[in-house]
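Before any comments, here is the structure.
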Amino acid sequence: RPGLALCAGCGGRIQDPFLLRVSPDLEWHVACLKCAECGQPLDETCTCFLRDGKAYCKRDYSRLFGIKCAQCRAAFSSSDLVMRARDHVYHLECFRCAACGRQLLPGDQFCLRERDLLCRADHGPGPDGAAARGPRSP
């Protein structure tokens, strides 16, 4: 189909003998398919991610749009084990009490105040004088 396709990158007609197809309906000149952030060429040897009409390499897509640790703000790799507290996700090593620094383990009770995790010993008594009960870690 050379000559019939329009490049999703530059909008020009693709006259080249080869084109790159991303998703079922987007076609690109080989020279136009580059990461919008770092400029790395994206071809059959590199994973390509699309967002808002722009193409990204895996590293930049993860950095810009991936879920980040609520404590250290670093992205997660696919092999990372995580802990969750409500809508927040943490690296295992970042899942620590903000007051004493103790790592919180599965089964530990904790409280989440704003973005701070507090172990049971540090989140203190509740309004009725009893120890406050935070959600149990997964």
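Since this is a predicted model, take the numbers as computed values, not measurements.
Other residues, nucleotides and ligands contribute only 12 or fewer heavy atoms inside 6.0 Å of the NZ atom of Lys58. More than 12 heavy atoms of other residues, nucleotides or ligands lie within 6.0 Å of CG in Asp25, so this atom counts as buried by the packing criterion.
Side-chain contact between Val82 and Phe76 is present, with at least one heavy-atom pair separated by less than 4.5 Å. At a threshold of 4.5 Å between non-hydrogen side-chain atoms, the residues Thr47 and Cys57 do not count as touching. Side-chain contact between Leu33 and Val22: present, with at least one pair of heavy atoms (C-beta onward) separated by less than 4.5 Å.
Residues Leu105 and Leu118 do not share a hydrophobic cluster, defined by chaining ILVMFWY side chains whose heavy atoms lie under 4.5 Å apart. Hydrophobic clustering of Ile, Leu, Val, Met, Phe, Trp and Tyr side chains at less than 4.5 Å, counting indirect connections, unites Leu81 with Leu117.
Between atom NZ of residue Lys68 and atom NE2 of residue His88 there is a gap of 15.5 Å, rounded to the nearest 0.5 Å. Here Phe110 contributes atom CZ and Leu104 contributes atom CG; the two are 7.0 Å apart, rounded to the nearest 0.5 Å. Taking NE2 of His123 as the start and CG of Leu112 as the end, the distance is 11.0 Å to the nearest 0.5 Å. In this structure, Arg21 CZ and Ile14 CD1 are separated by 9.0 Å, a value rounded to the nearest 0.5 Å.
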Please table the atom pairs, donor to acceptor, closer than 3.5 Å between any side-chain atom in residues 89-100 and protein atoms at least two apart or in another chain.
from  : atom 1 : to     : atom 2 : distance (Å)
Arg96 : NE     : Glu93  : O      : 2.8
Arg96 : NH1    : Gly101 : O      : 2.9

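Salt-bridge formation is detected for the pair Arg102/Asp108: a Lys NZ or Arg NE/NH1/NH2 atom is positioned less than 4.0 Å from an Asp or Glu carboxylate oxygen.
Leu50 and Leu26 get closest at one heavy-atom pair: CD1-CD1, 3.5 Å. Nearest heavy-atom pair, Cys38 versus Cys35, reported as atom, atom and distance to 0.1 Å: N-SG, 3.5 Å. Minimum heavy-atom separation, Met83 to Pro106: CE-N, 4.0 Å. The minimum heavy-atom distance between Ala5 and Glu27, with the atom names listed, is CB-OE1, 2.9 Å.
Between the His29 side chain and the Arg13 main chain, a donor and an acceptor come within less than 3.5 Å of each other. Under the 3.5 Å distance criterion, the side-chain polar atoms of Asp80 are matched with a main-chain donor or acceptor of Ser77.
Residues that satisfy the side chain to side chain donor-acceptor pair (under 3.5 Å) test with Arg63, not counting sequence neighbours, are Glu37, Asp60.
Side-chain heavy-atom separations under 4.5 angstrom define the hydrophobic clusters, and the remaining members of the one that includes Phe49 are Tyr56, Tyr61, Leu64, Phe65.
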